[in-house]
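Structure first, then comments.
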Amino acid sequence: MRNIKLLLSYDGTDFSGWQRQPDRRTVQQTLEEAIQRLTGAAAVTNASGRTDAGVHAIGQVAHFYTVSRHAPEVFVKALNATLPHDIRIRNAWDMPQAFHSTLDAKSKRYRYVIDNGRIADPFQTRYSYHVYQPIDVAAMHRAAQALKGRHDFHSFETQWPNRTSSVRTIFDIAVTRKQNSVWVEVEADGFLYNMVRSITGTLLLVGTGRWAESRVREALVAEDRREAGPTAPPQGLFMLVVRYGHADEVDPVPSR
């Protein structure tokens, strides 16, 4: 029995998230059906994290067990030949039996993309959240630093409680501008449900002048979802990279 690790990207627009759901098109089901067509046997995939409906991935990681003797490069080529165009396998590896894409992840990095042009870019509507008001990116970045470190992020978690603990560690959080695009990037040891989208919605209150920078820290300390800002819509969110601490690990996309 082999343990195959996959690095994949997908456009989440037309998927109801990663996880299998009855009568819904999901990334997991689509991928598992492609693996079964290739190997002739049913497969169960585990992902590093369950992206929600409409959320995209550049560097999602999944693994599955198989008795197939196909080489990793064959998995890449053959799966891409049968998968729909909104999912691509970027790489594949043979891993030790004990490797687990979820449990072994050391950190994950997400990027939220905001289209800050006066008029929405029609070519970005599937991949960004349009905010036409001027955004003070520097103020957002300064306010965001209050979230860095180990905290209880209950204020930025929807559908609470859905995990045993709301305590997570943010290793890096940055807000930058690329012409008309504003990026909110967060890297942490784990994420709560809608955590990045809630953080983005909160920081946008600062960036558009409706909140003082200090209110982000106050919202964090309150540990009350009602004290933070709204949840930004899903289409602007991308899973960028999952890190496992392997010596030969290469990011699928530059951090900034």
Side-chain angles (χ1 to χ4, degrees), residues 1 3-68 70 75-92 100-103 105 108 110-113 122-130 156-164 166 190-198 200-201 225 230-240 242 252:
M1 183 68 72
N3 188 6
I4 303 297
K5 173 186 172 183
L6 299 176
L7 176 66
L8 62 153
S9 300
Y10 48 84
D11 178 341
T13 306
D14 298 325
F15 289 102
S16 295
W18 165 268
Q19 189 175 11
R20 273 183 176 266
Q21 300 177 54
D23 304 317
R24 296 287 183 91
R25 184 176 187 253
T26 66
V27 179
Q28 183 181 28
Q29 180 174 348
T30 305
L31 177 59
E32 289 175 355
E33 289 173 350
I35 294 170
Q36 184 168 0
R37 285 193 294 270
L38 174 61
T39 65
V44 177
T45 57
N46 288 279
S48 65
R50 299 172 179 176
T51 52
D52 296 327
V55 174
H56 317 289
I58 294 174
Q60 174 70 283
V61 174
H63 78 277
F64 66 98
Y65 294 97
T66 181
V67 296
S68 169
H70 293 306
F75 276 110
V76 175
K77 185 175 181 180
L79 289 176
N80 282 335
T82 186
L83 282 166
H85 292 304
D86 45 4
I87 303 180
R88 292 292 90 183
I89 307 299
R90 302 181 63 175
N91 213 334
H100 195 286
S101 56
T102 313
L103 302 179
K108 302 172 192 172
Y110 282 84
R111 174 185 296 159
Y112 195 95
V113 179
F123 301 106
Q124 294 298 318
T125 54
R126 292 164 62 102
Y127 311 110
S128 65
Y129 172 38
H130 181 236
F156 302 95
E157 172 186 21
T158 58
Q159 296 186 6
W160 181 89
N162 64 80
R163 297 291 177 91
T164 304
S166 299
F191 290 89
L192 304 168
Y193 188 61
N194 285 341
M195 181 171 160
V196 178
R197 291 165 56 192
S198 300
T200 300
R225 182 69 187 91
T231 303
Q235 73 272 12
L237 186 60
F238 293 77
M239 175 185 277
L240 282 188
V242 185

Could you pull out every donor-acceptor pair under 3.5 Å between side chains of residues 48-55 and any protein atom, sequence neighbours left out?
residue	atom	partner	partner atom	Å
Ser48	OG	Gln60	OE1	2.5
Arg50	NH1	Gln19	OE1	3.3
Thr51	OG1	Tyr10	OH	2.7

Point-to-point distance, once rounded to the nearest 0.5 Å, from CG of Leu237 to CG of Leu240:
9.0 Å

Give every residue pair that meets the ring pair (Phe, Tyr, Trp, His ring centres under 6.0 Å) criterion with at least one member in residues 22-60, sequence neighbours excluded.
His56-Tyr127, His56-Phe238

Measure across Arg197 and Ala232 and return the closest heavy-atom pair with its distance rounded to 0.1 Å.
NE-O, 2.7 Å

Looking only at heavy atoms, the pair that brings Ala47 and Ser101 closest together is C-OG, 3.5 Å

Residue pair Ser166 / Glu157, side-chain donor-acceptor N/O under 3.5 Å:
yes

side-chain contact (heavy atoms from CB on, under 4.5 Å) partners of Arg25, counting only residues at least two apart:
Asp14, Phe15, Thr30, Pro84, Asp86

Report the residues that fulfil ring-ring contact (aromatic ring centres under 6.0 Å, His included) with Tyr129, sequence neighbours left out, ordered by chain and then residue number.
none

Taking the side chain as every heavy atom from C-beta outward, state whether Thr158 and Thr231 have any atom pair closer than 4.5 Å.
yes

Can Glu32 and Thr45 be counted as having a side-chain donor-acceptor contact under 3.5 angstrom?
yes

For residues 34-41, which side-chain donor-acceptor pairs fall under 3.5 Å, sequence neighbours excluded?
residue	atom	partner	partner atom	Å
Arg37	NE	Thr82	OG1	3.0
Arg37	NH2	Thr82	OG1	3.2
Thr39	OG1	Ile35	O	2.9
Thr39	OG1	Ala41	N	3.3
Thr39	OG1	Ala41	O	3.2

Indicate yes or no for a side-chain donor-acceptor contact from Arg88 to the backbone of Asn80 under 3.5 Å, with no hydrogens or angles considered.
yes

Identify the heavy atoms of Val61 and Leu7 that sit nearest to each other, and give their distance.
CG2-CD1, 4.2 Å

Distance in Å, Tyr110 OH paired with Met239 CE, rounded so as to fall on 0.5 Å steps
3.0 Å

Phe75: what forms a ring-ring contact (aromatic ring centres under 6.0 Å, His included) with it, not counting sequence neighbours?
Phe64, His70

Can you see whether Ser9 engages Arg90 through a side-chain donor-acceptor pair at a distance of less than 3.5 angstrom?
yes

Point-to-point distance, once rounded to the nearest 0.5 Å, from CD1 of Ile89 to CG of Leu31:
5.0 Å

Which atoms form the tightest heavy-atom contact between Gln28 and Arg20, and what is the distance?
OE1-N, 2.9 Å

Minimum heavy-atom separation for Thr13 and Asp11, please, with both atom names.
OG1-OD1, 2.6 Å

Note: Val242 and Gly59 closest approach over all heavy atoms is CG2-O, 3.7 Å

